[in-house]
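Notes to accompany the following structure.
In the text below, chain A, chain B and the rest are named by the order of the sequence lines, each starting its count at 1.
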Amino acid sequence: MNTETNQPTHITNFIRNIIDADIQLNKNEGRVITRFPPEPNGFLHIGHAKSICINFGLARDYGGRCHLRFDDTNPTKEEDEYVSSIKQDVKWLGFDWGEHLYFASDYFTQMYEHAVTLVKKGLAYVDDSTPDAIRSSRGTLTESGKESPCRNRTIEDNLDLFSRMKNGEFPDGAMVLRAKIDMSSPNINLRDPVMYRILHASHHRTGDRWCIYPMYDWAHGIEDSIEGITHSICTLEFEDHRPLYDWFLKQLGVYHPQQIEFARLNLNYTVMSKRKLLELVNEKHVSGWDDPRLPTISGFRRRGYTPESIRLFCDRLGVGKKDAIIDMSILEDCVREDLDVKAKRVMCVLDPIKVVITNWPDDKLEELGASIHPKTPEMGRRSFMMTREVYIDRDDFMLDPPKNFFRLGPKRQVRLKYAYVITCDEVIKDTSGRVIELRCTYDPETGHGKTPEGKKKVKGIIHWVSAPHAQKVEVRLYDRLFDRPNPGGDQDGGDYKEHINPHSLKVIGTAYLEQGTDINLQAHYQFERVGYFFPDPKDSTKDCLVFNRVVTLRDSWGGEGKQGA
RNA sequence: UGGGGCAUCGGCAAGCGGUAAGCCACUGGAUUUUGAUUCCAGCAUUCCCAGGUUCGAAUCCUGGUGCCCCAGCCA
């Protein structure tokens, strides 16, 4: 522990170092006010979760606050549907903005007045050049730009034109307001950036009140300043914009927050850009924004990821400035860690082989039981019937198993978990050679998982369900959406959509769930030895259960010849 | 010589001139009615490279190399 700040040292990072130093100097009287500023033009994804965890986490740890602010400065792309989904996602992740919900559009009037101030100071001008002309006179990365013929318009003319822009006297694209900075700056952002454009579009909150809308660079610093943000945290690509952020606030002479940039999250085997996610949704490659294969917050939620697991993931990553692509398996581990503690255990056979226990009397029923969680007896117990016919999973049988396969094979023994040891005497196949039934005998002395004195312990333990008692359920197995680590990074110009994994969803129409399980539609389950599952929130009902596989259990059995039978 | 960033174990990531944290993965071994979980042990003489300063450098200086971002009236 660092006794100065009372912060656990393990969560230190460069942003916290900056904040610690600021507090040391009593900058901002020690306040820490951050903000999460999404544009409401799409659903939030796991990359946003990182930003949310950083911003809300900082506020929480430093006794400050974090604002939720919608950066709605472009009415052509933004919709109310997105603001409600974003609010829901932030809440679900476990964060609370309290009273501090804001919209950039609430500041449009102040932004306009500030713009007038800059015009009056001779620091902004109206440019009626065509968009093409502005682009070509901006110069290139290596050549400086050329000043616009409009650059030296009088202040009076600028004031008049700007006010007429606002009043809707000109069509879209006819002119813009530009900051007068430096057309030869090596930083392109400083070459007289556009502050306002004309857009006769209806805004989701201000309707038709405005027909000029501020650009990000002009708007963002003002938003931060108005709200008294102390640390304005954004991603690396805005580093080049910081001089502009600083320039605007300095010219305005208003409260000046500090912008700090960090490396955004990249995950392999998926895509994270809003454009690509939107395409996948619109072109029906997935079922919607909440498709369980998507890296959206709503997708993870539907799939069965928990908020705790996503927060753990973000904490584990840390915060830095190095571009990195994080392996999906890190995220998967985080859910396992969380779900191991929470999930109720139950047995479920996904791909059944019928097993007939020949020495078990036809009409005999035996009630067996197990705890719902092996390490948390308080969670209670469950019970199920043992009968002459049971199902086991095809993965747990091999016709010609290697010696290190602990499960069932011809003449081999295995324990039915919580029940008896059985021996496979006979294998029955159909005409195509597929195994359809096993005939086994059980050892009556091995009930309830007990091994009697003097008997050799059976290493293999498999899950099973009583055939006449099992409940039929649907199970959806998800795999990564793309077949390669970096689907968007094709050098050969290929389309990321060509790399969609055709096997990313496998539906098992009939799986056999342990009898008598009173499924809670909000709870997570571990299908013992298989993985963690969650009832699909949209398609699952008490009478018609549909389970999403959140993630498999870790499996140190390499699976040599896994699909053997 | 366009500008701005970044380079520390397989992957993240601390470190801020005093002699390489932590996490994940991995490898042993123990426990286990989930090949799960848990537990214990091991895991960078070295910090992109090359010089230099210093008693001492991952940390400072010089020169390289590699990767990322920027030319929307998008954010």
Side-chain angles (χ1 to χ4, degrees), chain A residues 8-14 17 37-39 41 71-74 76-78 127 129-131 134-136 138-145 172-178 184-191 193-199 212-213 215-217 219-220 234-243 261 263 274-275 315-327 329-330 333-334 336-337 340-341 345 347 370 373-375 404-407 415-419 421 446 448-451 457-463 526-531 552-559:
Chain A
T9 50
H10 68 274
I11 50 169
T12 185
N13 60 50
F14 83 100
N17 291 344
E39 181 188 13
N41 68 344
D71 207 1
D72 54 352
T73 57
N74 185 348
T76 63
K77 293 185 175 178
E78 295 149 7
D127 193 335
S129 308
T130 63
I134 288 182
R135 188 181 316 119
S136 56
R138 185 150 30 223
T140 68
L141 295 178
T142 52
E143 302 160 41
S144 76
D172 289 3
M175 52 187 74
V176 293
L177 184 72
R178 288 228 255 172
S184 62
S185 171
N187 180 342
I188 292 184
N189 296 121
L190 262 18
R191 319 238 264 229
V194 172
M195 295 166 62
Y196 274 98
R197 75 284 214 188
I198 299 171
L199 247 28
I212 56 170
Y213 289 91
M215 299 290 289
Y216 170 87
D217 288 308
H220 207 83
C234 61
T235 45
L236 251 28
E237 67 271 26
F238 291 101
E239 214 147 15
D240 281 347
H241 296 241
R242 186 168 9 117
E261 310 84 10
K274 280 189 185 174
R275 192 203 101 225
D315 290 345
R316 232 169 231 182
L317 297 179
V319 183
K321 298 190 68 152
K322 184 169 67 177
D323 290 306
I325 298 174
I326 306 301
D327 201 289
S329 65
I330 308 282
D333 262 331
C334 291
R336 288 192 186 100
E337 190 168 322
D340 176 50
V341 178
R345 311 289 133 122
M347 292 192 285
H373 189 111
K375 281 188 278 195
N404 63 344
F405 182 79
F406 306 149
R407 288 107 95 154
R415 173 177 291 286
L416 298 180
K417 195 165 160 75
Y418 308 120
V421 171
T446 57
H448 298 90
K450 302 271 188 323
T451 300
K457 199 164 180 178
V458 173
K459 186 156 174 80
I461 298 162
I462 65 174
H463 57 100
Q526 186 199 97
F527 292 179
E528 296 204 59
R529 302 206 316 126
V530 178
T552 60
L553 246 39
R554 288 179 65 187
D555 184 7
S556 58
W557 156 246

N or O in side chain of [X] less than 4.0 angstrom from [N] OP1/OP2:
| X | N | answer |
| --- | --- | --- |
| A:Thr12 | B:G15 | yes |
| A:Arg197 | B:A75 | yes |
| A:Asn74 | B:G72 | no |

Scan [X] against the nucleic acid and name what it touches under 4.0 Å (heavy atoms): base, sugar-phosphate only, or nothing.
| X | result |
| --- | --- |
| A:Thr73 | sugar-phosphate |
| A:Met215 | sugar-phosphate |
| A:Ser129 | base |
| A:Lys321 | sugar-phosphate |
| A:Thr130 | base |
| A:Val194 | sugar-phosphate |
| A:Leu141 | base |
| A:Asp315 | nothing |
| A:Val458 | nothing |

Please list, one pair per line, the donor and acceptor atoms closer than 3.5 Å that link side chains of residues 138-145 of chain A to other protein atoms, with sequence neighbours excluded.
{"from": "A:Thr140", "atom 1": "OG1", "to": "A:Thr142", "atom 2": "N", "distance (Å)": "3.2"}
{"from": "A:Thr140", "atom 1": "OG1", "to": "A:Glu143", "atom 2": "N", "distance (Å)": "3.0"}

Check the chi torsion on B:G72 and let me know: syn if it falls within 90° of 0, anti if not.
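In terms of base orientation relative to the sugar, B:G72 is syn.
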
Are any of the side-chain nitrogens in A:Glu261 or A:Arg242 under 4.0 Å away from the carboxylate oxygens of its partner?
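So A:Glu261 pairs with A:Arg242 through a salt bridge.
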
So does A:Arg345 pair up with A:Asp340, basic N to acidic O under 4.0 Å?
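Answer for the salt bridge query: yes.
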
Both A:Glu528 and A:Ile188 contact RNA chain B. Which one's nearest nucleotide lies toward the 5' end?
A:Glu528

Toward the 5' end of RNA chain B, which comes first, A:Tyr196 or A:His373, by nearest nucleotide?
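Checking each residue's closest nucleotide, the 5'-ward one belongs to A:His373.
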
To the nearest Å, give me how far apart [atom1] ([X]) and [atom2] ([N]) are.
| X | N | atom1 | atom2 | answer |
| --- | --- | --- | --- | --- |
| A:Asp217 | B:C73 | CG | P | 11 Å |
| A:Leu236 | B:A7 | CG | P | 10 Å |
| A:Leu416 | B:U34 | CG | P | 14 Å |
| A:Phe238 | B:A75 | CZ | C1' | 5 Å |
| A:Arg275 | B:C74 | CZ | P | 17 Å |
| A:His220 | B:G72 | NE2 | P | 21 Å |
| A:Asp240 | B:G2 | CG | C1' | 11 Å |
| A:His241 | B:G3 | NE2 | C1' | 12 Å |

For a quick check, tell me whether the side chain of A:Arg135 and the base of B:G72 share a donor-acceptor pair closer than 3.5 Å.
no

Donor-acceptor check, side chain of [X] to backbone of [Y], threshold 3.5 angstrom: yes or no?
| X | Y | result |
| --- | --- | --- |
| A:Arg197 | A:Asp172 | no |
| A:Ser185 | A:Asn187 | yes |
| A:Asn17 | A:Thr12 | no |

With rounding to the closest Å, how many angstrom separate the P atoms on B:C48 and B:A58?
10 Å

Taking every non-hydrogen atom, the tightest pair across A:Asp71 and A:Glu39
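In this case the closest contact between A:Asp71 and A:Glu39 is O-CG, 3.6 Å.
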
Using side chain to side chain contact (heavy atoms under 4.5 Å, CB included), reason through A:His241 and A:His220 one step at a time and then give a plain yes or no.
CA-CA 11 Å; A:His241 296 241; A:His220 207 83; over 6 Å; no

Under 5.5 Å and under 30°: A:Tyr216 stacked on B:A75
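No.
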
Please name the nucleotide paired to [N] by Watson-Crick or G-U wobble geometry with both distances under 3.5 Å, or report none.
| N | result |
| --- | --- |
| B:A58 | none |
| B:G66 | B:C6 |
| B:U38 | B:A30 |

Between protein and nucleic acid, restricted to nucleotides 36-40 of chain B and to nitrogen or oxygen atoms under 3.5 Å apart, what atom pairs and distances do you find?
{"from": "B:A36", "atom 1": "OP1", "to": "A:Ser556", "atom 2": "OG", "distance (Å)": "3.0"}
{"from": "B:U37", "atom 1": "OP1", "to": "A:Arg554", "atom 2": "NH1", "distance (Å)": "3.1"}
{"from": "B:U37", "atom 1": "O2'", "to": "A:Asp340", "atom 2": "OD2", "distance (Å)": "2.8"}
{"from": "B:U37", "atom 1": "O2'", "to": "A:Lys375", "atom 2": "NZ", "distance (Å)": "2.4"}
{"from": "B:U37", "atom 1": "O2", "to": "A:Lys375", "atom 2": "NZ", "distance (Å)": "3.2"}

Choosing from B:C73, B:G35, B:A71, which nucleotide comes nearest the side chain of A:Arg529?
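The listed nucleotide nearest to A:Arg529's side chain is B:G35.
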
Tabulate atom names and distances for all N/O pairs under 3.5 angstrom spanning the protein and nucleotides 10-12 of chain B.
{"from": "B:C12", "atom 1": "O2'", "to": "A:Leu317", "atom 2": "O", "distance (Å)": "2.6"}

